[in-house]
Amino acid sequence: QVQLVESGGGLVQDGGSLSLSCAGSGRTFSRHVIGWFRQAPGQAREFVAALSWTGVNTNYADSVKGRFTISRDNAKNMVYLQMNSLKPEDTAVYYCAATRSGHVTSPQSEYDYWGQGTQVTVSS
């Protein structure tokens, strides 16, 4: 069993930066691929980024490539999402999730554990 808790959301201006954190618990947390997803009002939840348990393999949505960076510290059971050059269209509830699939390209349906989400609002 893995529990996930996101933090770090808030209000930021267009072009600003924000760093999200995902705190994990459970003996096997460090062996999971961790992904970030987001859901804007009235829209389906979408993939943002994923990171392998080794921290070597990454996958990013085209919309965030070059602006967002995912990283992890397995010693602290933490995963981070650094978001730079934020745009109003990045406004959403951001969720971290964990999968045992071993693949950073896994679809949402293969993620076994989810956090409760943290709100990110980018004002224009």
Side-chain angles (χ1 to χ4, degrees):
Q1 190 78 7
V2 172
Q3 291 81 43
L4 304 168
V5 178
E6 304 93 338
S7 62
L11 175 64
V12 63
Q13 289 188 334
D14 190 356
S17 297
L18 210 56
S19 181
L20 303 183
S21 299
C22 174
S25 61
R27 291 188 301 112
T28 61
F29 173 81
S30 64
R31 295 290 181 173
H32 285 68
V33 166
I34 302 298
W36 284 96
F37 297 81
R38 66 187 182 186
Q39 187 168 22
Q43 298 186 23
R45 188 165 57 192
E46 65 176 6
F47 170 78
V48 174
L51 180 65
S52 63
W53 70 270
T54 61
V56 172
N57 298 316
T58 59
N59 186 26
Y60 292 95
D62 288 343
S63 59
V64 306
K65 278 181 182 176
R67 300 188 299 122
F68 290 12
T69 303
I70 187 171
S71 62
R72 69 191 297 165
D73 184 340
N74 284 335
K76 297 181 179 179
N77 275 10
M78 295 292 294
V79 176
Y80 307 98
L81 185 68
Q82 177 64 40
M83 305 184 294
N84 298 327
S85 302
L86 282 162
K87 307 173 182 179
E89 50 263 44
D90 294 317
T91 295
V93 177
Y94 283 71
Y95 301 89
C96 66
T99 176
R100 294 168 291 183
S101 73
H103 304 293
V104 295
T105 55
S106 294
Q108 287 190 45
S109 59
E110 293 190 11
Y111 280 77
D112 307 293
Y113 307 102
W114 292 81
Q116 82 291 347
T118 185
Q119 176 70 47
V120 171
T121 303
V122 184
S123 63
S124 56

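Atom set for the values below is all heavy atoms of this structure, side chains included, hydrogens, waters and symmetry mates excluded.
- Residues Gln119 and Leu11 form no side-chain contact, since every pair of their non-hydrogen atoms from C-beta on lies 4.5 Å or further apart.
- Note: Ser63 OG to Glu46 CD = 5.5 Å, rounded to the nearest 0.5 Å.
- Test Gln108, Gln116, Arg38, Gln39 against Tyr95 for side chain to side chain contact (heavy atoms under 4.5 Å, CB included) and you get one pass: Gln39.
- The cluster map of Ile, Leu, Val, Met, Phe, Trp and Tyr, joined by side-chain heavy atoms under 4.5 Å apart, puts Val12 and Leu20 in the same cluster.
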request  = In sequence, state the C-alpha distance, the side-chain angles, and the governing distance for Val122 and Val120, and then conclude on side chain to side chain contact (heavy atoms under 4.5 Å, CB included).
outcome  = CA-CA 7 Å; Val122 184; Val120 171; 4.2 Å; yes
message = Walk me through whether Phe68 and Trp36 qualify under ring pair (Phe, Tyr, Trp, His ring centres under 6.0 Å).
response = CA-CA 11 Å; Phe68 290 12; Trp36 284 96; 9.8 Å; no
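- If you take OH on Tyr80 and OG on Ser7, they are separated by 9.0 Å, rounding to the nearest 0.5 Å.
- Interatomic distance, CD1 of Ile70 versus CD of Gln82, reported as 12.5 Å (0.5 Å rounding).
- For the pair His32/Thr99, no side-chain contact is recorded, criterion being any heavy-atom separation below 4.5 Å from C-beta on.
- Side chain of Asn59 to backbone of Val104: a donor-acceptor contact under 3.5 angstrom is found.
- Of the possible donor and acceptor atoms, none in the side chain of Ser106 sits under 3.5 Å from a partner among the backbone N and O of Glu110.
- Atom CG in Leu81 sits 11.0 Å away from atom OG1 in Thr118 (nearest 0.5 Å).
- Linking Ile, Leu, Val, Met, Phe, Trp and Tyr whenever their side-chain heavy atoms come within less than 4.5 Å puts Val64 and Tyr94 in one cluster.
- Smallest separation of non-hydrogen atoms from Ala92 and Ala40: CB-N, 3.8 Å.
- Applying the salt bridge (charged side-chain N to carboxylate O under 4.0 Å, His left out) test to Arg31 and every residue at least two apart in sequence or in another chain returns nothing.
- Residues Trp53 and Ser30 come closest through the heavy atom pair CB-O, 2.9 Å.
- Counting heavy atoms from C-beta on, the side chains of Ser21 and Met78 come closer than 4.5 Å.
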query = How far apart are the C-alpha atoms of Gln3 and Phe29, what are their side-chain angles, what is the distance that settles it, and do they pass the side chain to side chain contact (heavy atoms under 4.5 Å, CB included) test?
reply = CA-CA 8 Å; Gln3 291 81 43; Phe29 173 81; over 6 Å; no
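- Atoms OG and CG, from Ser25 and Leu4 in turn, are 7.5 Å apart once rounded to the nearest 0.5 Å.
- Val33 approaches Arg72 most closely through the heavy-atom pair CA-NH1, 4.3 Å.
- A donor-acceptor pair is defined here as one N or O able to donate and one able to accept, closer than 3.5 Å; no such pair exists between the side chain of Thr91 and the backbone of Thr121.
- In this structure, the side chains of Asp14 and Pro88 come closer than 4.5 Å at one or more pairs of heavy atoms.
- One distance of note links CZ of Arg67 with OG of Ser17; it measures 10.0 Å at 0.5 Å rounding.
- The aromatic rings of Phe37 and Tyr111 lie perpendicular to each other, with more than 60° between the two planes, well past the 30° mark.
- Ion pair Asp112/Arg100 flagged as a salt bridge, since at least one NZ, NE, NH1 or NH2 atom sits closer than 4.0 Å to an Asp/Glu carboxylate oxygen.
- When side chains are defined from C-beta on, Asn57 does not count as touching Leu51, because their heavy atoms never get closer than 4.5 Å.
- At a threshold of 4.5 Å between side-chain heavy atoms, the hydrophobic network of Ile, Leu, Val, Met, Phe, Trp and Tyr places Val79 and Trp114 in two separate groups.
- For Asp62 and Lys65, the salt-bridge test passes: some basic side-chain N is under 4.0 Å from an acidic carboxylate O.
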key: From CA spacing to verdict: side chain to side chain contact (heavy atoms under 4.5 Å, CB included), Asp90, Met83   = CA-CA 9 Å; Asp90 294 317; Met83 305 184 294; over 6 Å; no
